[in-house]
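Quick caveat: nothing in here was measured; it's all calculated off a predicted structure. The analysis underlying the following values was restricted to heavy atoms, covering all of them including side chains, and did not include hydrogens, waters or symmetry mates.
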Amino acid sequence: MFFEYIRTVLGNALERLGYRAEPHVELPRHESHGDAATPVAMQLAKQLGKPPRTIAEELIAAMEYDPSMIAALEIAGPGFINFRLLPGYYADVARRIRAVGDRYGFSERYIGKRANVEYVSANPTGPLHPGHGRNVALGDSIARLLEAVGYRVTREYYFNNAGRQMQNLARSIYARYRQLLGDDYPFDDENGYRGQYIVEIARELVEEYGDQLREESEEHLAICRAKGEAWCFASIRRTLERLDVHHDVYFNEYSLYTDGHIARTVEQLRQRGLVYEKDGATWIATTKLGLEQDRVIIKSTGEPTYRLPDIAYHCIKLSRGDDLVVDVFGADHIATIQEVLAAVRALGYDTTRVKVVLHQMVTFLKDGVPYKLSKRSGEQYTLDDLIEELGADVVRYFFAMRAAETQLVFDMDLAREQSETNPVFYLQYAHARICSVFANAEQLGIDVSGHADFHLLEHPAECALIKVLAQFPDVVLRAAESLAPYIVADYLHTAAEAFHTFYHECRILGAPRDEIVRARLALAQATRTVLRNGLHLLGVSAPERM
RNA sequence: GCGCCCGUAGCUCAGUGGAUCAGAGCAGCAGACUUCGGAUCUGCCGGUCGGGGGUUCGAAUCCCUCCGGGCGCGCCA
């Protein structure tokens, strides 16, 4: 919204002059450079073969604008055009924010488009571990961001309940089950799942079945497997629930086998000459697709490797007609995603619709040094434990607050801090503080929703706050388009800071005139909307009291 | 060895198509309202943007190279 008007003015001027360029508008770093600026003249310089400042002059001459909104146009430096805004503009922005109300910040830019976001996708072999938290937070915030700009979003969870890992799970449970029955049964230390939860599952089996499963059979192992899957999934979903994360689709890898997609995918790859047999296994010729080496897609045992179902799955996702297909993966998937996409592309699918958000690993920091999260019992530390320790809000914010491609350092001391140094509390405090002002206003009998004259907001702190609030829709759009929740996190801090400064310098309820009180209350309300909506995008609550 | 990501202040990180670009938070130091929540605000200190080359009128940003860190490179997922 902030740059919209200027963009329009600039765009019209470009068109009038017959110049082809994006009307790019940016926020200058320094106040002295005005309220908005465009480097477009410099971008055109090479293309037109004219000095940038000359082009800037032409543009300024060609611009038509409302003199009550824009005070001055200046050419600066090598050829920037700086825009300086008048209070009338701020009043206009504030009025428009208020008019939009609770939906402020959201847009309809991508209305009618559909997106699929796949995230978490952990196999049901145990509880989520702390590292999963980053995937959860990023994926869910990305989904929320896409919704905020108009996409209809499907949240999807892909899981494998058929492979080797599930067999290991079944065997682990069975071993514990036998041990609980008092049998001297060996536990496979190399492949088995050693967590205490396995014993828990086994204990439930003892309660349900007594010693009826003692005989080692496929049938009994299948019962262990099913029990384990159900138990683990319940655990995972419970954890996600605590983070306010809900998937729409749980896609079962196993279904790809039963419905023939696996066989069909192999056939299609074969038709394109990309499949051959060697050493008793079936290979895909990924070297023909420009990759380093060929890979096995069906082992000599007849079992497919994970690649094949991955390829089939992506074909399915792409054939659903979504405009955008987002995969949120940890950095350890880097190798496979290339292979999968190359194969899918070779099968004729438009993989430009696929965006992969590859996040780097997480390091936990305590007393300034990396350390391994653990519990006193020596038992594995889970994502659930982290939520227990820090609260869902802190967990979601911390995992989403950095760009995905950075190796996230999760500072446990800062996260544990229940004070202003913790960025989550800083944001929530600003929100609670506004709520408190409104509670007081109500007690004083002030008509909070009454008419407000925004032209009365002329204090520098007021203008600064409006300027920040005005950026919000741009920020949401940019964050959504770059699939980067951290942009929202950064912005919210700026917004909260601008509010606190305003709060400190301008009394709201104690303002000299009633009209000013109402105008400032309206500004506070707009701030509250921005904070609430922004926090929502990150999956963090906006408490009224703390 | 090969592929991808990262290297910016003591620490954690921004820097959106090269340009008005040396920035924020934390830590440290010094201050602030008799009043709407001090979980706040204001100021100061602090950096050869990993090193070196190159392109350019101009490079944290683009190219090359070296160094350092992470993750991969399975008939595991």
Check your understanding: Under 30°, 30 to 60°, or over 60°: which ring-plane class applies to A/Phe364 and A/Phe399, parallel, tilted or perpendicular?
Key ->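 A/Phe364 and A/Phe399: perpendicular rings.
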What residues form a ring-ring contact (aromatic ring centres under 6.0 Å, His included) with [X], not counting sequence neighbours?
X: A/Tyr313; result: A/Tyr158, A/Phe251
X: A/Phe159; result: A/Phe233
X: A/Tyr486; result: none

Check your understanding: Should we say atom CZ of A/Arg532 is surrounded by more than 12 heavy atoms from elsewhere, each under 6.0 Å from it?
Key ->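 Enclosed.
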Point to revise | Greater than 12 external heavy atoms within 6.0 Å of A/Glu515's CD | key: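 More than 12 within 6.0 Å, yes.
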**Study point:** Consecutive-pair stems (3 or more, Watson-Crick or G-U, under 3.5 Å) for RNA chain B
**Key:**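 Ordered by first number, the stems with RNA chain B (at least 3 consecutive pairs each) read B:1-7 with B:67-73, B:10-13 with B:23-26, B:28-32 with B:40-44, B:50-54 with B:62-66.
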Tell me: [atom1] of [X] to [atom2] of [N], nearest whole Å?
X: A/His431; N: B/A39; atom1: NE2; atom2: C1'; result: 15 Å
X: A/Met412; N: B/C26; atom1: CE; atom2: C1'; result: 17 Å
X: A/Leu341; N: B/G3; atom1: CG; atom2: C1'; result: 15 Å
X: A/Phe425; N: B/U40; atom1: CZ; atom2: P; result: 11 Å
X: A/Leu408; N: B/C11; atom1: CG; atom2: P; result: 17 Å
X: A/Tyr397; N: B/U12; atom1: OH; atom2: C1'; result: 12 Å
X: A/His359; N: B/C71; atom1: NE2; atom2: P; result: 13 Å

**Study point:** Results of side chain to side chain contact (heavy atoms under 4.5 Å, CB included) for A/Pro127 - residues two or more places apart only
**Key:**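 A/Pro127: side chain to side chain contact (heavy atoms under 4.5 Å, CB included) contacts with A/Tyr197, A/Ser235, A/Thr382.
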Point to revise | side chain to side chain contact (heavy atoms under 4.5 Å, CB included) partners of A/Asp447, counting only residues at least two apart | key: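 Side chain to side chain contact (heavy atoms under 4.5 Å, CB included) list for A/Asp447, sorted by chain: A/Ser449.
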Check your understanding: When you check the phosphate oxygens OP1 and OP2 of B/G15, does a side-chain N or O of A/Tyr486 lie under 4.0 Å from one of them?
Key ->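 Yes, because at least one side-chain N or O of A/Tyr486 sits under 4.0 Å from OP1 or OP2 of B/G15.
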Point to revise | Phosphate OP1/OP2 of B/C41 contacted by A/Tyr426 side-chain N/O (<4.0 Å) | key: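 Yes, such a contact exists.
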Review point. Taking only residues two or more places apart in sequence, or in another chain, which ones meet A/Arg270 in a side-chain hydrogen bond (donor to acceptor under 3.5 Å, both in side chains)?
Key: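 side-chain hydrogen bond (donor to acceptor under 3.5 Å, both in side chains) list for A/Arg270, sorted by chain: A/Glu277.
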[N] to [M] separation - [atom1] atoms, rounded to the nearest Å:
N: B/U55; M: B/C63; atom1: P; answer: 16 Å
N: B/C45; M: B/U40; atom1: P; answer: 23 Å
N: B/U12; M: B/G47; atom1: C1'; answer: 15 Å
N: B/C71; M: B/G52; atom1: P; answer: 28 Å
N: B/C57; M: B/G23; atom1: C1'; answer: 25 Å
N: B/C44; M: B/U56; atom1: P; answer: 40 Å
N: B/C5; M: B/G50; atom1: C1'; answer: 16 Å
N: B/U8; M: B/C49; atom1: C1'; answer: 4 Å

Which protein N or O atoms sit under 3.5 Å from an N or O of nucleotides 59-63 of chain B?
none

Exercise for review: Determine whether the aromatic ring centres of A/His359 and A/Phe329 lie less than 6.0 Å apart.
Suggested key: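 No, they do not, as the ring centres are separated by 6.0 Å or more.
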Practice item. Report the C-alpha separation of A/Val394 and A/Val540 in whole Å, then their side-chain angles, then the decisive distance to 0.1 Å, and conclude whether the side chain to side chain contact (heavy atoms under 4.5 Å, CB included) test is met. Key: CA-CA 8 Å; A/Val394 170; A/Val540 177; over 6 Å; no
Point to revise | 5′-ward residue of the pair A/Val409/A/Glu497 relative to RNA chain B | key: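 Taking each residue's closest nucleotide, the earlier one in sequence belongs to A/Val409.
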Practice item. Mind checking the CD-CZ spacing from A/Glu405 to A/Arg402? Nearest 0.5 Å is all I need. Key: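 A/Glu405 atom CD to A/Arg402 atom CZ measures 12.5 Å (nearest 0.5 Å).
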Check your understanding: How far does CG of A/Leu427 sit from CG of A/Leu531, to the nearest 0.5 angstrom?
Key ->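 Rounded to the nearest 0.5 Å, the CG-CG separation comes to 7.0 Å.
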Review point. What nucleic acid atoms does A/Asp490 come within less than 4.0 Å of, heavy atoms only: base, sugar-phosphate, or nothing?
Key: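 Sugar-phosphate, no base atom in range.
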Check your understanding: Going by heavy atoms in the side chains, are A/Arg109 and A/Glu481 under 4.5 Å from each other?
Key ->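 Sidechains of A/Glu481 and A/Arg109: in contact.
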Review point. Should A/Phe398 and A/Leu414 count as side-chain neighbours, where that means a heavy-atom distance under 4.5 Å?
Key: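 Of all side-chain heavy-atom pairs linking A/Leu414 with A/Phe398, at least one is under 4.5 Å.
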Distances under 3.5 Å only, N/O to N/O: pair up the protein atoms with those of nucleotides 5-9 of chain B.
from	atom 1	to	atom 2	distance (Å)
B/C5	O2'	A/Glu405	O	2.6

Under 3.5 Å donor-acceptor pairs involving side-chain atoms of residues 497-510 of chain A, not counting sequence neighbours:
from	atom 1	to	atom 2	distance (Å)
A/His500	ND1	A/Arg433	NH1	2.9
A/Thr501	OG1	A/Glu497	O	3.0

Would you tabulate the nitrogen or oxygen pairs shorter than 3.5 Å linking the protein to nucleotides 29-37 of chain B?
from	atom 1	to	atom 2	distance (Å)
B/U35	O2	A/Arg507	NE	3.1
B/U35	O2	A/Arg507	NH1	3.4
B/C36	O4'	A/Arg507	NH2	3.1
B/C36	O3'	A/Asn440	ND2	3.2
B/C36	O2'	A/Asn440	ND2	2.4
B/C36	O2	A/Leu509	N	2.9
B/C36	N3	A/Ile508	N	2.9
B/C36	N4	A/Tyr503	O	2.4
B/C36	N4	A/Cys506	O	3.1
B/G37	OP1	A/Ser436	OG	2.9
B/G37	OP1	A/Asn440	ND2	3.0
B/G37	O2'	A/Tyr429	OH	2.2
B/G37	O2'	A/Arg433	NE	3.0
B/G37	N7	A/Ser436	OG	3.1

Check your understanding: Should A/Asn161 and A/Glu253 be marked as a side chain to side chain donor-acceptor pair (under 3.5 Å) after you check the CA-CA gap, both sets of side-chain angles, and the distance that decides it?
Key -> CA-CA 7 Å; A/Asn161 61 348; A/Glu253 178 185 330; over 6 Å; no
Exercise for review: Would you mind checking if A/Lys317 and A/Glu156 are paired as a salt bridge, meaning a charged N to carboxylate O distance below 4.0 Å?
Suggested key: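 So A/Glu156 does not pair with A/Lys317 through a salt bridge.
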Identify the pairs formed between an N or O of the protein and an N or O of nucleotides 74-77 of chain B at a distance under 3.5 Å, and give each distance.
from	atom 1	to	atom 2	distance (Å)
B/G74	O5'	A/Arg295	NH1	3.2
B/C75	O2	A/Ser300	N	2.9
B/C75	O2	A/Ser300	OG	2.9
B/C75	N3	A/Ser300	OG	3.4
B/C75	N4	A/Asp279	O	2.8
B/C76	OP2	A/Lys299	NZ	2.5
B/C76	O2'	A/Gln165	NE2	3.3
B/A77	OP2	A/Tyr306	N	3.0
B/A77	O3'	A/Asn160	ND2	3.1
B/A77	O2'	A/Asn123	ND2	3.3
B/A77	N6	A/Tyr306	OH	2.9

